[in-house]
S.K.: 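One structure, pasted below without further comment.
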Amino acid sequence: QAQTMPDIQALVAAPTFSLSASGEVRIAPDMATITTGVQTQAATAQEAMAQNRAQMNQVIAALRRQGIEERDIQTSGLNLNAVYDYPQNEQPRLRGYQASNQVTIRVRDLDNLGRSIDAVVAAGANQINGIAFGLSDPRAAEDQARRAAVQALQAKAQLYADATGL
């Protein structure tokens, strides 16, 4: 009786390439974000906070006069700390309290940026902790960069295909 051999199928994996690409676009910013604030010091915590609140209200009023909308002003930090003196060879002595309040503002009119910074300093802001430029709506720029990345990837894939004959 004849025996049949089982079919043996060899699976040959097709060569594959793993490629990556990136895309970049450069677009001028249309807004800036600034963190600014007020730091005050007084003998009591209540007094330090009251002084801070009054000074910060002036800063916010100055921002409003510069056309910064309420939705673009957000509290980003509020701190109250005891302040001590450390005399040599003695116990620390409480000197008072330091209150700090910071807001992050979004300036949508970059032509008004310098005037806005000047206005908050004139109104009593004694901390400016940085400025960042960006886009109010980055989606179009991100999509443009993604398209550039896909085009670069397609070109790279075609180059590899042509070079290897695969």
Side-chain angles (χ1 to χ4, degrees), residues 17-156:
F17 294 100
S18 177
L19 306 173
S20 64
S22 62
E24 181 178 312
V25 293
R26 295 186 182 266
I27 297 177
D30 64 1
M31 61 161 273
T33 304
I34 305 167
T35 302
T36 185
V38 172
Q39 184 171 308
T40 56
Q41 190 168 322
T44 67
Q46 185 176 1
E47 187 181 350
M49 289 299 287
Q51 288 177 10
N52 193 281
R53 180 176 43 255
Q55 205 166 327
M56 184 54 87
N57 286 342
Q58 292 175 355
V59 169
I60 290 173
L63 288 168
R64 300 291 306 212
R65 286 191 299 275
Q66 291 299 312
I68 307 297
E69 296 179 29
E70 189 172 323
R71 69 184 173 120
D72 290 331
I73 305 170
Q74 182 174 3
T75 299
S76 54
L78 179 63
N79 297 298
L80 178 65
N81 298 305
V83 178
Y84 292 92
D85 285 329
Y86 295 93
Q88 188 173 358
N89 298 324
E90 294 181 30
Q91 291 288 343
R93 287 189 217 134
L94 179 65
R95 183 181 347 149
Y97 292 85
Q98 186 177 73
S100 177
N101 188 351
Q102 295 183 339
V103 292
T104 299
I105 60 173
R106 200 172 290 124
V107 179
R108 296 177 189 275
D109 177 8
L110 290 181
D111 292 337
N112 193 23
L113 181 59
R115 287 188 304 276
S116 296
I117 293 171
D118 290 344
V120 297
V121 171
N126 53 19
Q127 295 181 325
I128 296 182
N129 298 321
I131 184 169
F133 293 93
L135 298 172
S136 55
D137 184 4
R139 287 179 291 188
E142 290 168 348
D143 287 348
Q144 188 178 349
R146 289 178 183 119
R147 281 188 202 90
V150 169
Q151 288 173 352
L153 188 59
Q154 288 172 331
K156 191 183 282 188

S.K.: Going from CD1 on I117 to CD1 on I105, what distance comes out if it is rounded to the nearest 0.5 angstrom?
M.R.: 7.5 Å
S.K.: Looking only at heavy atoms, which two atoms of L80 and A45 are closest? And how far apart?
M.R.: CD2-CB, 3.6 Å
S.K.: Determine which pairs satisfy side chain to side chain donor-acceptor pair (under 3.5 Å) with at least one residue from residues 142-152, sequence neighbours left out, and list them in order.
M.R.: D143-R146
S.K.: Looking at CG of D109 and CZ of R115, how far apart are the two atoms once the value is rounded to the nearest 0.5 Å?
M.R.: 7.0 Å
S.K.: What is the minimum heavy-atom distance between L94 and A82, and which atoms define it?
M.R.: CD1-CB, 3.8 Å
S.K.: Rounded to the nearest 0.5 Å, what separates atom CZ in R93 from atom OH in Y86?
M.R.: 12.5 Å
S.K.: So, using side-chain hydrogen bond (donor to acceptor under 3.5 Å, both in side chains) as the criterion, who are the partners of D72 when residues are at least two apart?
M.R.: R106, R108
S.K.: With sequence neighbours left out, write down each residue that passes side-chain contact (heavy atoms from CB on, under 4.5 Å) with T35, or none if nothing qualifies.
M.R.: S76, Q102, T104, N129
S.K.: Quick check: closest heavy atoms across A28 and L135, and the distance to 0.1 Å?
M.R.: O-CD2, 3.5 Å
S.K.: Check whether any side-chain heavy atom of Q55 lies under 4.5 Å from a side-chain heavy atom of N101, and answer yes or no.
M.R.: no
S.K.: How close do A48 and A42 get, heavy atom to heavy atom, and via which atoms?
M.R.: N-CB, 3.5 Å
S.K.: With no hydrogens and no angle check, is any side-chain donor or acceptor of N52 less than 3.5 Å from a backbone partner on V38?
M.R.: yes
S.K.: Is E90 atom CD crowded by more than 12 heavy atoms from other residues, nucleotides or ligands, each under 6.0 Å away?
M.R.: yes
S.K.: About how many Å separate CG of D30 and CG of D137, when rounded to the nearest 0.5 Å?
M.R.: 8.5 Å
S.K.: Only counting residues at least two apart or in another chain, list the ones meeting side-chain contact (heavy atoms from CB on, under 4.5 Å) with D85.
M.R.: P87, R95
S.K.: Starting from the C-alpha separation in whole Å, work towards a yes-or-no answer on side chain to side chain contact (heavy atoms under 4.5 Å, CB included) for Q66 and V120.
M.R.: CA-CA 10 Å; Q66 291 299 312; V120 297; over 6 Å; no
S.K.: Please name all residues satisfying side-chain hydrogen bond (donor to acceptor under 3.5 Å, both in side chains) with E69, sequence neighbours left out, ordered by chain then number.
M.R.: R71
S.K.: Between the main-chain N or O of Q39 and the side-chain N or O of S100, is there a donor-acceptor pair closer than 3.5 Å?
M.R.: no
S.K.: Sequence neighbours excluded, which residues qualify as side-chain contact (heavy atoms from CB on, under 4.5 Å) partners of A32?
M.R.: L110, L113, I131, F133
S.K.: Of the non-hydrogen atoms in A62 and A123, which two are nearest, and what is the gap between them?
M.R.: CB-CB, 3.7 Å
S.K.: First locate atom CG of L63, then atom CE of M56, and finally report the distance between them rounded to the nearest 0.5 Å.
M.R.: 9.0 Å
S.K.: Looking only at heavy atoms, which two atoms of V25 and A141 are closest? And how far apart?
M.R.: CG2-O, 3.5 Å
